[in-house]
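Here the structure comes first, spelled out in structure tokens, and everything after it is commentary.
Just so you know, these numbers use all the heavy atoms, side chains as well, and skip hydrogens, waters and symmetry mates.
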Amino acid sequence: MPSSLPDPTSHTAALDRARRKAYWHLLPLLFVSYMIAYVDRQNVAVAKLTMTRDLPGFDNAVIGFGAGIFFLGYFLLEIPGTLMVERWSARKWICRIMITWGAMAGLTAAVTTPWQFYTVRFFLGLAEAGFFPGVVVYLTHWFPSRDRARALATFLVATPMAQIVSPKISNALLEIGSDAAHPPVLGMVGWQWVYVFWALPAVVLGAFVFFWLVDRPKQAKWLTEEESTALEAELERERAETRKGKRMTVIEALRHPKVLLLALVYFCTVTGSYGIEFFMPSILKSWYAMDMNKLTWLIMLPPAVAMCGQLFMGWSSDHFKERRWHAVLPIVMGSTALGLMPQTQGNLVLTMVCLMTAFAGFKSYMPAFWALPSMFLTESAAAGSIGLINSIGNLGGFLGPNVLGTVEKMTGSFVGGLYYLCCSMLVAATIIFSFGLGKKETVK
């Protein structure tokens, strides 16, 4: 008499096929979308090189505050946006985010006063809120824990890729309106075209997301019934194991000590990473007085190193089933590089080595770090906690650029600001190491 029990070999094969299909169907679009989002968030770093010349009253302090105020808007809608992905629809919410952030990014080209700049950047943060943590939550709907750091690393590597791809394009756009040989186009000059050019893909991709993404495996027509059933069963098995009989509410998760500590960790690391990312072109230009062509080639090197480090650490974290050291060591490495960087002023090679090491540290810790919340939380509790961690953490994106811009304005030097960013990163590494979440034996 034939057995009614499922064949374990067939189930495993179906699960493996579903995992591969999910990776190749979802990650490329999410990768490109995040890359464009990051360019729209960061292109002020290049645009400011001529923006401050063309607009009266725009100095490093104004740019630093405007770059940072993005994260105040981001903070306000981060948790609600992340819960929308968990409880409603990732596909529809991400589509909305991308179209509205594209519109706001393009409007930056119209600013003429600091307060207009602050307003547009604030609303850009509101528009983009929920995208990054929403995708982190979305990936938990598709990837078992064994694949999660690798999937996160593939998604997160979009940020260094954006920093590699965008500088030369943005530099070419900056030439518009710079002299008689490069007249304005449609009445706009280079820095304005930087904002408009990178805003358009966000709107187009937003529409594409609506038709391409699928919220859950059971809704995917590109999976067979056997594949979607196997994947859903594996994900549910992991959720049940994490709950261990107790379903934590969103409010309980938001008050959880580990969630609050992770939020503080992310705040300290983002303070360091965004501070240096927004002002790297300005630091190099100030220290070495180089032309724009050479500058834009150099600022592509740190993210290129970071991209390799991020992919390797994502693979290594999954391979060794360990999260804590894969988060701590890169942060310490980045902090050390920032602390040494002021001593390299006058030696371009050493400065670039410090920048490349710092960027590798800033990016490489993230796959392991973002795998930590789902180790003790599930479903809406995990979604809410990821939103909280990201929203509080990204306030560091307000603090970091502000510190560097203000210190430079007050002292005429970036050195004091760099030391502050270094200390902030060390605090983050100490916290992760101290509470011990993510040790090898706890990663299934």
Side-chain angles (χ1 to χ4, degrees), residues 2-34 85-86 89-91 94 134-158 209 211-244 307-308 310-323 326 366-379 382-383 386 438-444:
S3 173
S4 59
L5 296 175
D7 179 6
T9 304
S10 174
H11 174 85
T12 300
L15 175 59
D16 289 342
R17 291 196 305 273
R19 291 163 54 211
R20 287 193 298 271
K21 286 184 179 180
Y23 187 90
W24 290 109
H25 190 92
L26 303 176
L27 265 299
L29 178 57
L30 294 172
F31 173 90
V32 175
S33 299
Y34 191 38
V85 169
E86 176 65 35
S89 166
R91 174 176 63 93
I94 292 173
V135 171
V136 174
V137 171
Y138 179 63
L139 293 179
T140 67
H141 297 169
W142 285 91
F143 295 96
S145 60
R146 74 181 90 166
D147 302 320
R148 209 160 287 159
R150 185 171 71 101
L152 279 168
T154 303
F155 170 66
L156 292 168
V157 84
V209 160
F211 294 102
W212 186 260
L213 289 190
V214 184
D215 287 322
R216 304 275 181 170
K218 61 186 176 184
Q219 300 166 340
K221 295 180 180 179
W222 38 270
L223 291 177
T224 66
E225 183 177 353
E226 183 184 21
E227 291 165 351
S228 63
T229 300
L231 184 54
E232 290 275 13
E234 176 67 8
L235 293 167
E236 179 53 37
R237 182 192 67 78
E238 290 188 347
R239 285 192 289 267
E241 187 174 283
T242 302
R243 285 194 294 265
K244 294 180 180 177
M307 180 172 65
C308 297
Q310 199 166 52
L311 288 172
F312 172 76
M313 293 301 281
W315 169 84
S316 178
S317 180
D318 277 347
H319 179 76
F320 292 103
K321 298 180 173 60
E322 199 282 335
R323 307 299 187 211
H326 283 80
M366 294 180 74
F369 175 81
W370 284 112
L372 293 175
S374 58
M375 293 179 62
F376 61 97
L377 297 170
T378 62
E379 299 166 333
I386 290 170
K439 294 179 181 179
K440 183 174 181 178
E441 63 268 22
T442 65
V443 180
K444 304 299 180 183

For Ser316 and His326, the nearest pair of non-hydrogen atoms, with its separation, is OG-NE2, 2.7 Å
Hey, mind stepping through Phe31 and Val157 against side-chain contact (heavy atoms from CB on, under 4.5 Å) and telling me if it holds?
CA-CA 8 Å; Phe31 173 90; Val157 84; 3.2 Å; yes
Glu232 side chain to Thr229 backbone, donor-acceptor under 3.5 Å
no
Over all heavy atoms of both residues, which pair between Glu227 and Ala18 is shortest? Give the atoms and the distance, please.
O-CB, 3.6 Å
If you take all heavy atoms of Asp215 and Ser89, which pair is closest and at what distance?
OD2-OG, 2.9 Å
Roughly how far, to the nearest 0.5 Å, is CZ of Arg17 from OG of Ser228?
11.0 Å
What are the two closest non-hydrogen atoms of Phe155 and Leu30, and how far apart are they?
CE1-O, 3.5 Å
Backbone N/O of Trp212 and side chain of Arg91: donor-acceptor pair under 3.5 Å
no
Interatomic distance, Thr154 atom OG1 to Tyr34 atom OH [nearest 0.5 angstrom]:
14.0 Å
Counting only heavy atoms not in Gln219 (residues, nucleotides, ligands), do more than 12 fall under 6.0 Å from its CD?
yes
For Pro217 and His141 the tightest heavy-atom approach is CD-O, 3.4 Å
What is the ring orientation for Trp142 with Trp222, classed by angle as parallel under 30°, tilted 30 to 60°, or perpendicular over 60°?
parallel
Checking the side chain of Ser33 only, and the main-chain atoms of Leu29 only, is there a donor and an acceptor separated by less than 3.5 Å?
yes
Before accepting this row, confirm whether a basic side-chain N of the pair Arg19/Glu234 lies closer than 4.0 Å to the acidic partner's carboxylate O.
no
Minimal heavy-atom distance between Pro144 and Leu235, with the atoms involved, is N-CD2, 3.7 Å
Look at the side chain of Glu226 and the backbone N and O of Ala14, then say whether any donor-acceptor pair between them is shorter than 3.5 Å.
no
